[in-house]
Amino acid sequence: MEGVRKLDIVGSVESNEYSKELDVAVRAVQMACFLCQKVQESLISKSSSQVQSKDDNSPVTVADWSVQATVSWLLSQSFGSENVSIVAEEDVVSLSKADAAGLLKAVVNTVNDCLAEAPRFGLQGPAMALGASEVIEAIGRCNSSGGPTGRFWALDPVDGTLGFVRGDQYAVALALIENGEAVLGVLGCPNYPMRKEWLSYQHRYHRIISKLTPPTSESWDKGCVMYAWKGSGEAWMQPLIQGDKKLVWPNSARPVQVSSIENPALATFCEPVEKSNSSHSFTAGLAHSVGLRKQPLRVYSMVKYATIARGDAEVFMKFARAGYKEKIWDHAAGVVIIEEAGGVVSDAGGRRLDFSKGIYLEGLDRAIYSVLAELNTLHRPPPHGK
Ligand SMILES: Nc1ncnc2c1ncn2[C@@H]1O[C@H](COP(=O)(O)OS(=O)(=O)O)[C@@H](OP(=O)(O)O)[C@H]1O
Ligand SMILES: [Mg+2]
Ligand SMILES: [Mg+2]
Ligand SMILES: [Mg+2]
C-alpha cells in the first residue's frame with residue numbers, strides 16, 4: 001500500500017540525510033507543545049500577570065522562555081553543544097534581572113517539569129533537574145546570528161504569543177538552515193482544530209465548550225505537528241501526544257498537500273489577526289481585485305502556513321508596515337512545509353524568501369505571499385503596495 005510505504009520511509013533512520021535532525025526536532029517540538037498546553041491552561045484559568053511586555057510592547061510569557069530553554073537543551077544534548085548553533089527569538093536580559101527572580105523560578109520549574117517527561121517522547125532528559133544558571137545558559141546559547149554558510153537552527157519558541165495568551169492559535173516553529181537554505185521545517189500547532197471551520201472560532205469555542213461540555217475525544221481532537229525536509233516532495237502531519245501516552249514514531253503521520261482549488265472565487269485567504277501586523281484594508285482590496293470572494297481567515301501565528309499546507313486555505317498574505325523587518329524564525333519552518341506540500345512562498349516581487357542574510361529577511365519586496373500556482377496573479381500587485 002502506498003500510504004504504508006511512505007510511513008515506512010518517514011520512520012526509517014536511513015531515509016534521508018537529515019533523519020536524525022528531523023527525528024529529534026519533531027520529538028522536541030512535541031515536547032514544546034506539551035509544555036505550552038500546560039502553561040496556556042494555567043494562563044487562562046489564572047490572570048494575565050504571567051505575561052510580560054517586551055521593549056516593542058509585544059508579549060512574552062513563561063512559555064516563550066521555557067520552550068527556548070527546553071529545545072536548546074534537547075538539541076545540545078542530542079548533537080553536542082559544540083555542534084549546535086541556534087537563532088531564536090528570546091534573550092535572557094529581562095530574565096536575569098534581580099527583580100525577575102519569581103519569573104526565572106517559574107521558567108526553571110516549567111523546563112524541569114517538561115524535561116522530566118523526555119523519555120515518553122523518546123528523548124533523554126537530564127540526570128538531575130536543571131538549575132537556574134543552566135536554564136539561563138540554554139536560552140542564552142541561542143545567540144547565533146545566522147548567515148550564508150554552515151548550519152544553524154531557527155527557533156520561534158512561541159509564535160503568535162498574542163494568540164497564545166488569548167487562549168487561541170499559536171505555533172512552535174523549528175527549522176534547520178544550511179548554507180542559507182531552509183532544509184527542514186517542523187511546526188507544532190497545539191490548537192489546530194480537527195475541523196477547519198473552527199480555526200476562526202477557536203477562542204470562543206475554547207471558552208464556551210470547555211466550560212459547558214466535557215470534551216469528548218471526537219469534539220476535542222486537536223493539535224498536530226507538521227514537518228518536511230527540502231526536496232522530499234512530501235510534508236507530514238502527526239497528532240500531538242495526548243495525556244500520558246508515549247510517542248511511537250512516526251505516530252500515525254499522514255501526508256498533507258496544498259489545496260487544488262483553481263477558481264479564486266472559491267479560495268480562502270488567510271492573514272494576521274492584528275491590523276498592526278498586516279494591513280487588512282490593503283489585502284481586502286488586493287483580494288477583491290484578483291477575484292477572491294470569501295471572507296479572510298484571520299489566524300494568529302504560523303498556523304497560517306499550516307492551513308495552506310493542509311489545504312484548508314489557498315492564499316496567505318502579510319503586508320507589514322513599511323520599515324518592519326521580518327525575522328527568519330517567523331517563516332523558515334512554514335516555507336519548507338508549504339513548498340514540500342506543493343505550494344510556493346514568495347515576496348510581492350515573486351522572489352523566494354532569503355534566509356541567508358542573518359536574522360532578518362533582508363530585501364523583502366513589500367509582502368509575504370503563499371499563493372497556489374493557479375492563483376498567482378497576486379505576484380503582480382498594484383504598484384502602491386504598502
Ligand atoms: N509590527 C509588526 N508587524 C509585523 N509583524 C510583527 C510586528 N510585530 C511583531 N510581528 C511579528 O509577527 C508575529 C506574529 O505574526 P502573525 O502573522 O501571527 O500576526 S498576528 O498575531 O496574527 O496578528 C510575531 O511573532 P511572535 O513574537 O513570535 O508572536 C512577531 O514576530
Ligand atoms: Mg514569531
Ligand atoms: Mg515568538
Ligand atoms: Mg514575540
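Positions are given from 1, in the same order as the sequence printed here.
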Is the closest basic N to carboxylate O distance between [X] and [Y] below 4.0 Å?
X	Y	value
Glu90	Lys54	yes
Lys20	Asp23	no
Glu326	Lys318	yes
Lys230	Glu178	no

Would the distance check show the side chain of [X] and the main-chain N or O of [Y] forming a donor-acceptor pair, the cut-off being under 3.5 Å?
X	Y	answer
Asp64	Pro157	no
Ser289	Leu286	yes
Ser72	Ala138	yes
Asp159	Ala171	no
Asn251	Pro239	yes
Arg352	Ser346	no

Do you know the tightest heavy-atom contact between [X] and [Y]?
X	Y	result
Tyr227	Ala253	OH-CB, 3.3 Å
Ala69	Val135	CB-CG1, 3.9 Å
Glu134	Ala129	OE1-O, 4.4 Å
Gly188	Cys33	CA-SG, 3.7 Å

Q. Can we call the ring centroids of Tyr305 and Phe316 under 6.0 Å apart?
A. yes
Q.
Using the ring centroid of each side chain, check whether Phe319 and Tyr369 are separated by less than 6.0 Å.
A. yes
Q: Dump the intermediate steps for side chain to side chain contact (heavy atoms under 4.5 Å, CB included) on Tyr192 and Asp312, then the final yes or no.
A: CA-CA 11 Å; Tyr192 202 118; Asp312 288 343; 2.6 Å; yes
Q: State plainly whether one hydrophobic cluster holds both Tyr18 and Phe79, where clusters connect Ile, Leu, Val, Met, Phe, Trp and Tyr through side-chain heavy atoms under 4.5 angstrom apart.
A: yes
Q) If you group Ile, Leu, Val, Met, Phe, Trp and Tyr by side-chain heavy-atom gaps below 4.5 Å, do Leu176 and Val336 land in one group? A) no
Q | Lys294 NZ/CZ over Phe269 ring centroid, <6.0 Å and within 45° of normal | A | no
Q) In chain order, what residues pass the side chain to side chain contact (heavy atoms under 4.5 Å, CB included) check against Arg351, with sequence neighbours excluded? A) Asp347, Asp365
(Q) Suppose we screen for side chain to side chain contact (heavy atoms under 4.5 Å, CB included). Which residues come up paired with Asn143, at least two apart in sequence or across chains? (A) none
State whether a side-chain donor-acceptor pair under 3.5 Å links [X] with [Y].
X	Y	value
Arg141	Ser81	no
Glu271	Thr283	yes
Asn191	Gln40	yes

Q) Which is it for Glu362 and Lys325 under the salt bridge (Lys or Arg N to Asp or Glu O under 4.0 Å) test, yes or no, and what are the steps along the way? A) CA-CA 7 Å; Glu362 301 287 355; Lys325 291 173 85 175; 3.4 Å; yes
Q: I would like to know whether Glu314 and Lys304 meet salt bridge (Lys or Arg N to Asp or Glu O under 4.0 Å); could you show each step before the answer?
A: CA-CA 10 Å; Glu314 284 72 26; Lys304 288 184 277 300; over 6 Å; no
Q) Which pairs, with at least one residue in residues 108-122 and sequence neighbours excluded, count as a salt bridge (Lys or Arg N to Asp or Glu O under 4.0 Å)? A) Glu117-Arg120
